[in-house]
Structures are given as structure tokens and as C-alpha cells.
Protein chains: 2
Amino acid sequence: MPYDPSAFPPFAVTVDLVVLTVRSHALCALVVRRGEPPYQGRWALPGGFVRADEDLAAAAARELKEETGLRPHGPEGKDTGAHLEQLATYGDPYRDPRMRVVSVAHLVLSPDLPPPIAGGDARSARWSPAESLLGPGEGLSRDGDQPVQLAFDHAQILLDGVERARAKIEYSSLATAFCPPEFTVGELRRVYEAVWGVALDPRNFHRKVTGTPGFLVPTGGTTTRQGGRPAQLFRAGGATLLNPPMLRPEV
Amino acid sequence: MPYDPSAFPPFAVTVDLVVLTVRSHALCALVVRRGEPPYQGRWALPGGFVRADEDLAAAAARELKEETGLRPHGPEGKDTGAHLEQLATYGDPYRDPRMRVVSVAHLVLSPDLPPPIAGGDARSARWSPAESLLGPGEGLSRDGDQPVQLAFDHAQILLDGVERARAKIEYSSLATAFCPPEFTVGELRRVYEAVWGVALDPRNFHRKVTGTPGFLVPTGGTTTRQGGRPAQLFRAGGATLLNPPMLRPEV
DNA sequence: GTAATAGTGTCTTTAAGACACTATCGC
DNA sequence: GCGATAGTGTCTTAAAGACACTATTAC
């Protein structure tokens with residue numbers, strides 16, 4: 001460990017955010033349009049520099065607040081707000097053409113936000129379906145008529161974030177982070193279906209989630225906002241690990 | 001994303017390594033003794049600065065080579081060598097008393113190395129049981145007579161690495177990274193037992209691993225190096241994901 | 001022979017997958 | 001009534017857990 005604090009290569013350190021939500025039965029990611037070069041006009045993940053006296057998680061929370069107005073709840077947080085966790089760090093020497101930038105990516109799972117984006121600064125921002133940002137052909141979904149190609153290595157970061165989310169809802173109760181504070185079993189099932197892109201059997205799903213102790217807590221209320229027979233409302237229970245896990249089909 | 005490449009706080013970026021192996025039925029981590037302040041004389045994880053033109057994974061591989069002589073095989077690597085993956089990044093502003101250092105920790109899983117440590121530079125290095133470095137009371141195992149308290153936030157990093165390893169061998173074939181190129185079912189079982197700190201039923205374990213297609217490939221040879229009846233030798237198969245997973249007892 | 005590990009088989013239990021069926025709303 | 005979603009029950013099947021039992025070595 002040749003620690004010579006006076007002679008080290010200087011790096012810039014940023015945080016980038018993979019902010020995911022479920023909108024109209026599709027997994028969507030928050031992207032912002034870049035106002036300056038490089039990649040001017042291209043869509044990118046929100047992010048920014050870590051300040052000199054700022055922890056990485058604090059920087060991510062600050063950026064999240066600036067972009068969406070959301071406040072994260074940390075591990076075991078009980079308040080309303082989004083789930084935030086560190087994802088991975090990207091440090092290819094040439095990932096930013098201007099200088100050496102190491103980016104610590106974070107993953108945010110949020111309930112659906114009514115406006116496309118509130119808060120934040122003047123740049124345009126929007127939710128885009130993850131599928132259109134990632135698909136084969138590098139996301140040829142239509143935005144007006146232009147293909148979506150994320151700036152920098154953000155396509156890779158987004159892919160890693162989506163894969164993390166897909167894997168984690170399997171063995172944790174994290175899918176509830178996509179739901180409002182009170183939700184029905186059907187709404188939770190539609191989250192799984194959107195994130196995994198599969199159809200799940202409603203009867204077996206119901207049996208699984210209601211039969212796992214500590215996963216769901218009934219609030220007593222009901223709702224018919226999805227139509228049909230009134231459904232019980234639940235809150236996320238204290239259980240954070242799902243054992244046995246929810247199994248992704250097509251194995 | 002206020003990207004102003006001329007005005008950013010300068011950071012030093014390092015890689016730290018959590019190198020794990022299984023020795024005499026115990027999960028052990030590689031630690032080196034610090035030769036200079038801060039934390040002079042204390043044990044720490046091996047690591048060092050990322051060079052100006054170096055990728056993070058390349059820096060980790062270089063440090064690993066310098067410390068152990070091991071060469072990592074990347075994802076899907078077939079050659080002999082250790083498994084290396086990024087673990088997490090630690091960036092508390094005061095984690096290093098001298099300056100702002102962001103450390104990208106990596107996890108290495110290695111077969112048992114015969115010498116305590118070969119190669120490397122002049123500093124002393126050794127394998128220590130993870131339990132003694134992590135246990136309650138912050139690792140009061142005896143080293144001569146001194147308690148082991150890792151420098152910086154390395155106890156947290158080690159804990160995260162051990163937890164990652166424990167979780168990952170559950171649903172992947174990564175436990176074979178702790179084994180020599182050819183190994184027996186019993187040796188693989190003892191790896192699981194050492195990493196998890198539990199006893200597994202040898203019969204059920206045998207049925208599980210030999211019944212999972214692509215997990216183990218018989219080499220044709222046998223060995224009696226563990227005593228008793230000769231055991232078949234296997235290589236790790238191509239399967240990287242274990243489905244259904246190996247279940248950790250005590251759920 | 002004993003003691004050790006290797007390997008197979010069998011029974012029980014848990015839980016997933018595939019349904020049929022009923023319940024309660026809006027219209 | 002119809003069509004939607006909610007919720008329960010039942011049967012089948014996959015697989016884990018708990019063993020008994022046999023096999024082959026070193027000594």
C-alpha cells in the first residue's frame with residue numbers, strides 16, 4: 001500500500017442515479033437531457049459531482065432531491081420516500097472524454113411520481129421505458145423520431161441497475177418500494193410483472209405474499225381503484241428478506 | 001448535472017482488496033501490516049492508488065498480483081486463477097485522516113495458497129480467520145497478544161465482502177473459486193461449511209451438487225487425500241448460476 | 001477388525017405450478 | 001345481466017431435510 005498522500009493522480013468523483021419506477025405497467029427510468037458538450041442534447045442519467053465534504057450516499061440523496069424532490073429512506077427507513085442504495089462504480093479512464101471521472105452509481109426505486117418531473121433545475125427530464133433505453137439495437141424507441149442512445153457509459157449503468165432491481169425483488173421485499181404507502185396485492189403483482197416483463201398467476205402470487213410472515217401488513221382499508229371487487233390495502237411489513245424467494249418464471 | 005471540468009474537488013482513488021480463502025476449515029482474509037502512519041503497525045486490507053490511465057478492475061488485478069502473485073480470471077474466465085469482482089465503494093470524507101480518499105473495494109476468492117504469502121513487497125502479510133477479524137468485540141483474537149483491529153474502515157469493508165461471499169455461493173457456483181482446479185464433492189462441501197460456519201448433510205449435499213446439470217464435471221480421476229473411500233474428482237462446470245439455489249440452513 | 005470418508009436410496013414435508021371455483025364491485 | 005378484479009381451495013410435482021444403508025480406503 002504505497003500511500004504517499006502528496007503524490008497521487010487527481011480524479012473527479014461523481015454520482016450517477018438510476019432512478020426506476022413503474023408507470024402504466026412498464027419499468028421506467030429517469031433521464032435528463034444534456035445541455036452542454038460532450039453528448040450535448042443526448043439523454044443521460046441524472047448525476048453530478050460529489051462535494052468536498054460530502055459522503056457518497058449524501059451526494060446521491062442530494063442529487064435525487066434536486067432532480068425529483070424525492071427524499072430517500074435509508075436502510076430500514078420507515079418513512080415515505082424512495083429506496084436508495086449504492087449500485088457500482090465506473091472508472092474507465094476514457095469514459096468521459098474531458099478528464100478522469102470515476103462515477104459511483106446509485107440505484108433508486110421510487111413509487112410512480114404524478115408529474116413527469118417536478119423540482120430540479122431548468123433541464124428537461126422525463127421517464128422513459130427501460131425497454132426502449134436498453135433494447136437490442138441500443139434503444140430505437142421513438143422520441144419524436146430520434147433513437148435514444150444514452151450519453152457516456154450510462155446505458156451500461158442503467159442495464160446494471162435494472163438487473164440489480166430485477167434480481168433483488170426476488171429475494172427481498174424491495175418491490176414495495178415501487179408502490180405507494182398503501183397498496184393492494186394486485187398492485188404489487190403488477191410491479192413484479194412490469195419489472196420482470198412476465199405474467200404471474202394472480203392466485204399463486206396472492207397465496208405467496210400473504211403467506212409470508214412479516215411481508216405485508218393489512219391496514220384494514222379497501223379500495224376499488226383497480227376496478228372489480230374491493231381489494232384489501234396493505235403496508236410493507238418489517239420483513240426485508242423473502243424466504244423462500246419469489247421465483248422468476250422461465251428458469 | 002453541473003459538469004464543469006475545471007472546477008471540481010480533487011479526490012484520490014484507491015482500490016482495496018478483500019481476498020478470501022478457506023484454510024483448515026476456516027474462512028480467512030488476507031491482511032497486511034501497515035508500515036507507516038496513519039494506523040502504523042495495524043493490520044489492513046491490501047490496496048493502493050489507481051493509476052492515472054488504469055481501469056478500476058485493472059488496478060485491483062495489479063494489486064492482487066503484487067500481493068499474492070495470483071492472476072484473476074474475469075467473468076467467465078476458464079483459466080486457473082482467482083475470482084475478482086467489484087464489491088462496493090467507500091467514500092466517507094474522513095475515512096482517511098490525511099485527505100479525501102475514495103476506495104473502490106474488490107472481492108477476491110482464491111484457492112488456498114500454500115505459503116502464508118508469496119510475492120509482494122517487503123511488508124508483512126498473512127491470512128487471518130475472518131471470524132477473528134470481525135467477531136463481536138471487534139476481533140479479539142490473539143496475534144501474539146494484541147487484538148486485531150483493522151485500519152481505516154477496513155473492518156466494514158471486510159464485513160461487506162464476507163457477506164457478499166456468503167450470499168453469492170448460495171445461488172452461484174462461486175464456491176468452486178475456493179477450490180483447486182480439481183476437487184471432490186466433500187472438499188466443496190467443506191468450503192460451504194467454512195464460509196457459512198454451519199454443518200451440512202453430506203448425503204443431501206452430494207445429491208444436490210451432482211444433480212445440478214452443468215455445475216460439476218467429473219474428470220475421471222479419484223483421490224484419497226481426505227482419507228476414507230476414494231472420491232471422484234470434479235472440475236467446475238460451465239453453469240454459473242445455481243437454480244434452485246443451495247439453501248443456507250437456519251432460516 | 002475399526003475409523004474414516006464416499007456414495008445411493010427412501011420417506012416425509014414444504015412449497016411451487018396449474019388450475020376450478022366463488023365473491024364483490026362498476027356498469 | 002356482463003366483465004372486471006379479489007380471494008380461497010385442491011391437486012400435482014419438484015425438491016429440500018432427515019435419515020438408513022452400503023462401498024472403499026488407511027490403519
Side-chain angles (χ1 to χ4, degrees), chain A residues 24-25 169-171 179-180 182-194 196 198-234 239 241-251, chain B residues 24-25 169-171 175 179 182-194 196 198-234 239 241-251:
Chain A
S24 42
H25 212 277
I169 65 174
E170 212 167 349
Y171 57 89
C179 295
E182 297 197 352
F183 53 89
T184 71
V185 171
E187 288 163 353
L188 182 62
R189 175 172 48 82
R190 278 178 277 274
V191 163
Y192 275 91
E193 292 179 333
W196 284 346
V198 298
L200 299 175
D201 184 293
R203 288 93 41 125
N204 293 336
F205 183 88
H206 191 282
R207 170 161 49 91
K208 172 74 177 172
V209 296
T210 58
T212 300
F215 188 14
L216 296 184
V217 178
T219 66
T222 61
T223 183
T224 59
R225 61 190 176 213
Q226 300 289 342
R229 170 178 167 179
Q232 282 188 75
L233 285 168
F234 294 86
L241 246 46
L242 220 50
N243 202 295
M246 177 89 52
L247 292 179
R248 229 189 296 198
E250 191 217 21
V251 178
Chain B
S24 41
H25 212 277
I169 65 174
E170 213 167 348
Y171 57 89
C179 295
E182 297 198 351
F183 53 89
T184 71
V185 171
E187 288 163 352
L188 182 62
R189 175 172 49 82
R190 278 178 277 274
V191 163
Y192 275 92
E193 292 179 331
W196 284 345
V198 299
L200 299 176
D201 185 293
R203 290 93 42 121
N204 292 337
F205 183 87
H206 190 282
R207 170 163 48 91
K208 171 74 178 174
V209 296
T210 58
T212 300
F215 188 15
L216 297 183
V217 178
T219 67
T222 62
T223 183
T224 61
R225 63 188 174 214
Q226 301 289 342
R229 169 177 168 179
Q232 281 188 78
L233 285 168
F234 295 87
L241 245 45
L242 220 49
N243 202 296
M246 177 88 53
L247 292 180
R248 226 188 300 197
E250 192 218 17
V251 176

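The sequence lines fix the lettering, A, B, ..., with proteins before strands; numbering per chain opens at 1. Since we're looking at a predicted model, the values are computed, not measured.
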With rounding to the nearest 0.5 Å, note down the distance linking [atom1] in [X] to [atom2] in [Y].
| X | Y | atom1 | atom2 | result |
| --- | --- | --- | --- | --- |
| B:Leu233 | B:Thr219 | CG | OG1 | 4.5 Å |
| B:Glu170 | B:Trp196 | CD | CH2 | 5.0 Å |
| B:Met246 | B:Phe205 | CE | CZ | 4.5 Å |

Taking any atom under 4.0 angstrom from a heavy atom of chain B, which nucleotides of DNA chain D are the first and last to qualify, 5' to 3'?
-> D:dA15 to D:dT25
Write down the atom of B:Phe183, the atom of B:Arg225, and the distance for their closest heavy-atom approach.
->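 Where B:Phe183 meets B:Arg225 most closely, the heavy atoms are CA-NH2, 3.5 Å.
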Which atoms form the tightest heavy-atom contact between A:Pro245 and A:Lys208, and what is the distance?
-> O-NZ, 3.4 Å
Between A:Glu187 and B:Lys208, the residue closer to the 5' end of DNA chain D by nearest nucleotide is A:Glu187
Whichever of B:Pro244 and A:Gln232 has its nearest DNA chain D nucleotide further upstream toward 5' |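 Checking each residue's closest nucleotide, the 5'-ward one belongs to A:Gln232.
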Sub-3.5 Å donor-acceptor pair from the side chain of B:Glu193 to the main-chain atoms of B:Leu200, do we have one?
->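 Yes: the side chain of B:Glu193 pairs with the backbone of B:Leu200.
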Tell me the interatomic distance from [X], atom [atom1], to [N], atom [atom2], rounded to whole angstroms.
| X | N | atom1 | atom2 | answer |
| --- | --- | --- | --- | --- |
| A:Glu170 | C:dA16 | CD | C1' | 13 Å |
| B:Asn243 | C:dA16 | CG | C1' | 12 Å |
| B:Asn204 | C:dA6 | CG | C1' | 14 Å |
| A:His206 | C:dT24 | NE2 | P | 14 Å |
| B:Leu233 | C:dT5 | CG | P | 17 Å |
| A:Arg203 | C:dA16 | CZ | P | 16 Å |

On DNA chain C, nearest-nucleotide positions of B:Arg207 versus B:Gly186: which is more 5'?
->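 This one resolves to B:Gly186.
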Mutual orientation of the aromatic rings belonging to A:Tyr171 and B:Tyr171 [parallel < 30°, tilted 30-60°, perpendicular > 60°] =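 The arrangement is parallel - the two ring planes meet at less than 30°.
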Mind checking A:Arg190 for me? I need base, sugar-phosphate or nothing, with any heavy atom below 4.0 Å counting as a touch.
->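 Sugar-phosphate, no base atom in range.
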At under 4.0 Å between heavy atoms, what does A:Arg189 touch on the DNA or RNA strands: base, sugar-phosphate, or nothing?
->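 Sugar-phosphate only.
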